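See structure below.
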Amino acid sequence: MGHPFPIREIARQAGLSEATVDRVLNARGGVRDSTEREVRQAIADLDRQRAQVRLVGRAFMIDIVMQTPERFSTAVRAALEAELPALHPAVVRSRFHFRETGPVAELTRTLDRTARRGSQGVILKAPDVPEITDAVGRLADAGIPVVTLVTDLPATARLAYVGSDNRAAGATAAYLMGQWLGDRPGNVLTSLSSGFFRNEEEREMGFRAAMRARHPHRALVEIAGGQGLDATQYDLVRAALERDPEIRAVYSMGGGNIATLRAFADLGRACAVFVAHDLDHDNTRLLREHRLSAVLHHDLRQDMREACQVVMRAHGALPPAGPTLPSAIQVVTPYNMPPQTTG
């Protein structure tokens, strides 16, 4: 039973004699199972309390750097701010660096400025391109841990990825699409915001593989490059609908869903099934209005809490933990929306 605590401290925590604790720790026998459990619990309690003591008075400045539409960055900010009380007794302060689109050079400049002025950690959502890989390496060289959020950069020096299993999410979307379309004819429009975000690429691969296996005769029509922004998404969707009169359903991996639905409406076309990602304010409203069939969602508050804790562990303020597990994928319909989104 490995532990770093003196026998006297464990005995005090467990309310037992030092001799009894010594027998348990050295497996000498002569004690009840319940006593062994009390000793184990005392060690676990001491370990947790030690972590709390390490956090008292600690302040962490964390930079959140994201290329993403405003609706998602707003959701991330709200999730982090909602989790701050749960991170006490540590104090987490945050600097937000959000941009919807733009050249990669602007994003790398933000990361390099952060490396120069210092930070306790960076939570990053960025395209998977060589310039970002190099910038993450410079952050790591400066001793700044990087946690990727929602979309991973596995070839970089990032410390951990926090988010869902995107291939599984794509396969889940294919399952729902197949169930709801059934035997009805029609092609499926797949929409990516960009070809450089790994999460969307993995969702697309999961979706395509599952559709090929379960519904090999249903055609998939891909569009990309709308950046998840309504202004650019509308033209892409409308052009696809005009080229292909058989499109009847949509799997949206990158957003811009208001514009997608407007393109269908303007052409007098019905969208039989529409599966999207993330309960941002646009998708929440569309789902409540039954204009989306389902939203594949993961708990952003849990993600932000985990990302902050990874940073704290990197600085020795929390005990080591096992590998970060993927966030659970929730299938949200108009009838099971989380309470905070139904007002």
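No experiment lies behind these values; they were computed from the predicted model shown. Side-chain atoms are counted along with the backbone in the values below, which use heavy atoms only and exclude waters and symmetry mates.
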inquiry  = Assigning hydrophobic clusters by single linkage (Ile, Leu, Val, Met, Phe, Trp, Tyr; side-chain heavy-atom cutoff under 4.5 Å), is L84 placed with V162?
reply    = yes

inquiry  = Whether R158 and D152 form a salt bridge (side-chain N of Lys/Arg under 4.0 Å from carboxylate O of Asp/Glu) is what I want to check.
reply    = yes

query = Just by distance, do the side chain of R291 and the backbone of R288 share a donor-acceptor pair under 3.5 Å?
reply = no

ask   = How long is the span from the CD atom in E131 to the OG1 atom in T108, to the nearest 0.5 Å?
value = 7.0 Å

ask   = Can a donor-acceptor pair be found between the side chains of N283 and N257 at a distance below 3.5 Å?
value = yes

ask   = With a 4.0 Å cut-off, would you call R113 and D63 a salt bridge?
value = no

request  = For H298 and S327, indicate whether the former's side chain and the latter's backbone hold a donor-acceptor pair under 3.5 Å.
outcome  = no

inquiry  = Using side-chain heavy atoms (C-beta onward) and a distance below 4.5 Å, is V188 in contact with L181?
reply    = yes

key: Straight-line distance of R37 CZ to R40 CZ, nearest 0.5 Å   = 10.0 Å

Pair F274 and H290, ring centroids less than 6.0 Å apart = no

key: Option among L149, I62, D299 that satisfies the side-chain contact (heavy atoms from CB on, under 4.5 Å) test with M304   = L149

task = First locate atom CG of L124, then atom CD1 of I132, and finally report the distance between them rounded to the nearest 0.5 Å.
result = 6.5 Å

ask   = Under 6.0 Å from the six-membered ring centre of F197 and within 45° of its axis: does the NZ or CZ of K125 meet both?
value = yes

query = If you look at every heavy atom in Q120 and V311, which pair is closest and at what distance?
reply = O-CG1, 3.3 Å

query = Would E306 and R313 satisfy salt bridge (charged side-chain N to carboxylate O under 4.0 Å, His left out), going step by step from the backbone distance to the final call?
reply = CA-CA 10 Å; E306 178 66 28; R313 290 189 193 103; 3.7 Å; yes

inquiry  = Within this structure, what is the CZ-CD1 distance for the pair R238 and I223, rounded to the nearest 0.5 Å?
reply    = 14.0 Å

ask   = Is there a donor-acceptor pair under 3.5 Å between the side chain of T156 and the backbone N or O of T133?
value = no

message = Check whether T110 reaches the backbone of E106 with its side chain - one donor and one acceptor, N or O, closer than 3.5 Å.
response = yes

inquiry  = Taking atom CZ as the centre, does R8 end up with more than 12 heavy-atom neighbours from other residues, nucleotides or ligands that are less than 6.0 angstrom away?
reply    = no

ask   = Can you check whether I64 reaches R77 side chain to side chain, under 4.5 Å on heavy atoms?
value = no

inquiry  = By the definition side-chain hydrogen bond (donor to acceptor under 3.5 Å, both in side chains), identify the one residue from E200, E204, Q233 that meets it with S191.
reply    = Q233

query = So do E83 and Q302 actually touch side chain to side chain, heavy atoms under 4.5 Å?
reply = no

D244 (side chain) donor-acceptor with A240 (main chain) under 3.5 angstrom = no

ask   = Which is it for D266 and Y234 under the side-chain contact (heavy atoms from CB on, under 4.5 Å) test, yes or no, and what are the steps along the way?
value = CA-CA 10 Å; D266 288 352; Y234 178 85; 2.6 Å; yes

note = One should read off an interatomic distance between R12 CZ and E18 CD, to the nearest 0.5 angstrom, of 8.5 Å

ask   = Between E70 and H281, does a side-chain contact (heavy atoms from CB on, under 4.5 Å) hold up when you go through it step by step?
value = CA-CA 10 Å; E70 179 273 336; H281 53 72; 3.5 Å; yes

Would you tabulate the side-chain donor-acceptor contacts of residues 209-221 under 3.5 Å, counting partners in other chains and residues two or more places apart, or write 'none'?
from, atom 1, to, atom 2, distance (Å)
R218, NH1, R184, O, 3.0
R218, NH1, G186, O, 2.7
R218, NH2, G182, O, 3.1
R218, NH2, R184, O, 3.0

ask   = Should T151 and T68 count as side-chain neighbours, where that means a heavy-atom distance under 4.5 Å?
value = no

ask   = Between T74 (side chain) and R71 (backbone), is there a donor-acceptor pair under 3.5 Å?
value = no

task = Compare every heavy atom of A157 with every heavy atom of G137, then report the nearest pair and how far apart it is.
result = CA-CB, 4.4 Å

request  = Mind checking the CG-CD1 spacing from N187 to I247? Nearest 0.5 Å is all I need.
outcome  = 6.5 Å

task = Would you indicate whether Y175, at its atom OH, is surrounded by more than 12 heavy atoms from other residues, nucleotides or ligands within a distance under 6.0 Å?
result = no

request  = Answer yes if M205 and M253 sit in the same cluster of Ile, Leu, Val, Met, Phe, Trp and Tyr residues linked by side chain heavy atoms under 4.5 Å apart, and no otherwise.
outcome  = no

ask   = Partners of R138 by salt bridge (charged side-chain N to carboxylate O under 4.0 Å, His left out), sequence neighbours excluded?
value = D112

ask   = Quick one: do V147 and L318 end up in the same hydrophobic cluster if we chain Ile, Leu, Val, Met, Phe, Trp and Tyr together by side-chain heavy atoms under 4.5 Å apart?
value = yes

key: Modelled atom types, side-chain donor and acceptor of T333 and N336, under 3.5 Å   = yes

Sidechain-backbone polar pair: S164 side chain, N166 backbone, donor-acceptor under 3.5 Å = no

message = I'd like to check L80 versus S94 (side-chain heavy atoms, cut-off strictly below 4.5 Å). Are they in contact?
response = yes

Least distance between heavy atoms, A160 atom then V310 atom = CB-CG1, 4.0 Å

ask   = Is F264 close to L241 at the side-chain level, that is, under 4.5 Å between some pair of heavy atoms?
value = yes

request  = Specify the closest pair of heavy atoms between P85 and A82, including all atoms of both residues, with the distance to one decimal.
outcome  = CD-O, 3.5 Å

ask   = Donor-acceptor pair, D280 side chain versus D282 backbone, under 3.5 Å?
value = yes

remark   = Closest non-hydrogen contact found for A42 with I10 is CB-O, 4.0 Å

Shortest non-hydrogen contact from D165 toward I329 = O-CD1, 3.7 Å

remark   = side-chain contact (heavy atoms from CB on, under 4.5 Å) with V332: of L292, L287, D278, L296, only one passes, and it is L287

task = I would like to know whether V39 and L16 meet side-chain contact (heavy atoms from CB on, under 4.5 Å); could you show each step before the answer?
result = CA-CA 8 Å; V39 172; L16 299 169; 3.7 Å; yes

inquiry  = Test of understanding: clusters of I, L, V, M, F, W, Y form through side-chain heavy atoms closer than 4.5 Å, transitively. Do L139 and L153 belong to the same one?
reply    = yes

ask   = For Y251 and E222, what are the C-alpha separation, side-chain angles and deciding distance, and is it a side-chain contact (heavy atoms from CB on, under 4.5 Å)?
value = CA-CA 10 Å; Y251 174 39; E222 180 180 316; over 6 Å; no

request  = Compare all side-chain heavy atoms of R117 with those of R95 and state whether any distance is below 4.5 angstrom.
outcome  = yes

ask   = Do R198 and P154 have side chains that get closer than 4.5 Å, going by heavy atoms?
value = yes

query = What about M337 and V295, same hydrophobic cluster or not, with Ile/Leu/Val/Met/Phe/Trp/Tyr joined at side-chain heavy-atom distances under 4.5 Å?
reply = yes

